[in-house]
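Fair warning: this is a prediction, and the values are worked out from it, not measured in the lab. Numbers restart at 1 for each chain; the letters A, B, ... are given by sequence-line order, proteins then strands. The figures that follow rest on heavy atoms only: side chains count, while hydrogens, waters and symmetry mates do not.
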Number of protein chains: 2
Amino acid sequence: MTTEVKQSTRERLLEAAATLTYRDGVIIGVDTLCKAAGVSKRSLYQLFESKDELLAASLEERSAAFVATLLPAADDSRSPHERILHVFDQLEEQAGAPDFQGCRYLAAQIELKDQNHPASRVAHRVKANLTAFFRAEAEQGGASDPDLLARQLILVFDGASARAGIGADRLTGLITPTVATLLDAAGMH
Amino acid sequence: MTTEVKQSTRERLLEAAATLTYRDGVIIGVDTLCKAAGVSKRSLYQLFESKDELLAASLEERSAAFVATLLPAADDSRSPHERILHVFDQLEEQAGAPDFQGCRYLAAQIELKDQNHPASRVAHRVKANLTAFFRAEAEQGGASDPDLLARQLILVFDGASARAGIGADRLTGLITPTVATLLDAAGMH
DNA sequence: GGCCTCGTAAACCGATCGGTTTTCATTTCG
DNA sequence: CGAAATGAAAACCGATCGGTTTACGAGGCC
């Protein structure tokens, strides 16, 4: 194991940014961020151009873990149908956590409004990756319209994560039948 | 016509709050709000308890128009199936507007995080009303599980509006087939 | 005219914003 | 040992935050 017992200044900043912006939104101040990370503002502005770049880097750093926890393992041998459902099973499980606040990438884009904000761009890329996964699986599974199905699935993903995040729905018994219906209608075997 | 040619101080504040928070988010300052409304801060704090209450009142005031533009007319004689699709047709049309930023009620809840914020409570009520409409139509249309269908529809509504709002999807050719698939699977005639 | 209400403009409050700078203690390394 | 690099602490910057208060002018009513 190469687990680092001692985090670098940079890592502590990225982690604090991820944690606090997820809980309080991008409105969080740099003073609060630095205090939580145990890092001086001077160090922050040596490591990052600005607060905006720190937020973008913080989202970027989590992107690998985000897709890793959602997507099936690389050596997964199940059918595309099951592999897609796996993603939504993972989402439903995450949504059950008491501190779940919805997908951080969707939240960032909604809070920032500006689509050209560096953090918005990162969020957009992450979601494009997830959509690409859906489309590839849809194609391989013989969906009648892989592009349409992928758009439907990412729509359900964002809708479910948003509604669970604001506490409007607990998703129980909702996601699986919905996704299954869409997969069936697309002729996925 | 009883159209008011002259807006009251209160009306100007509510309109400015609705416009600016939709464009810039709830982060907007009271100075900016007052300047845009042509109203002094003194008047604001005579009419409203706080900025939070102004935001809540601004969302509340729009709620009637929100459901009115989405829902079919009271004397609409079409089938529940068509009446539900009407809502999503309206959403797709609104999403086509160049300044569309997604559903303001969903955005408010995501930005505020706090579910007990007065504006969050208003947003929650509005969405509960829309969900109730879906459920009533589902029941009347003979859906096998009206509760499930209503949850699916509001999920699609929020997901579609969120993705269109952040510019991730233009919804064209997406909503209608998705909703139709769900209605069919629920056995809606 | 005199009074009272209404609302604007603007000063003011302490706190915080994103960002910069200075100071000083510690660590690293030749 | 001594020089250089690092980074924490904190003062500081102008601007803005939500909110309060003061001052003044424009109307209506007796």
Problem set entry | For A/I166, the rest of its hydrophobic cluster, which grows through side-chain links under 4.5 angstrom |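 A/L106, A/I110, B/L106, B/I110, B/I166, listed by chain and number.
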Tabulate below the donor-acceptor pairs under 3.5 Å that side-chain atoms of residues 84-96 of chain A make, not counting sequence neighbours, or state none.
residue, atom, partner, partner atom, Å
A/H86, ND1, A/R78, NH2, 3.2
A/Q90, NE2, A/T69, O, 3.1

Exercise. Who passes side chain to side chain contact (heavy atoms under 4.5 Å, CB included) against A/S58, sequence neighbours left out?
Worked result: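 Side chain to side chain contact (heavy atoms under 4.5 Å, CB included) list for A/S58, sorted by chain: A/L14, A/A17, A/A18.
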Exercise. Excluding sequence neighbours, so at least two apart, what forms side chain to side chain contact (heavy atoms under 4.5 Å, CB included) with A/D52?
Worked result: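 Only A/S50, A/H117, A/P118 meet the side chain to side chain contact (heavy atoms under 4.5 Å, CB included) criterion with A/D52.
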For residues 34-43 of chain A, which side-chain N or O atoms pair as donor and acceptor with protein atoms under 3.5 Å away, sequence neighbours left out?
residue, atom, partner, partner atom, Å
A/S40, OG, A/S43, N, 3.2
A/S40, OG, A/S43, OG, 3.0
A/K41, NZ, A/D31, OD1, 3.2
A/R42, NH1, A/Q46, OE1, 3.1

For this session: Mind jotting down which residue pairs meet the salt bridge (Lys or Arg N to Asp or Glu O under 4.0 Å) criterion with at least one end in residues 155-164 of chain A? Sequence neighbours excluded, please.
Result: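 As it turns out, the salt bridge (Lys or Arg N to Asp or Glu O under 4.0 Å) pairs with a partner in residues 155-164 of chain A, which skip direct neighbours, are A/K127-A/D158, A/D158-B/R163, A/R163-B/D158.
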For this session: Not counting sequence neighbours, list each pair that qualifies as a salt bridge (Lys or Arg N to Asp or Glu O under 4.0 Å) and has a residue in residues 142-155 of chain A.
Result: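 Output for this query lists A/R135-A/D147, A/R151-B/D169.
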For this session: Sugar-phosphate means primed atoms, P, OP1 and OP2; the rest is base. With that split, encode nucleotides 6-25 of chain C 5' to 3' as B, S or - using protein heavy atoms under 4.0 Å.
Result: -BBB-------SBBBBB---
Problem set entry | Residues within residues 17-24 of chain A bordering DNA chain C, heavy-atom distance below 4.0 Å |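 Within this stretch, nothing sits under 4.0 Å of the strand.
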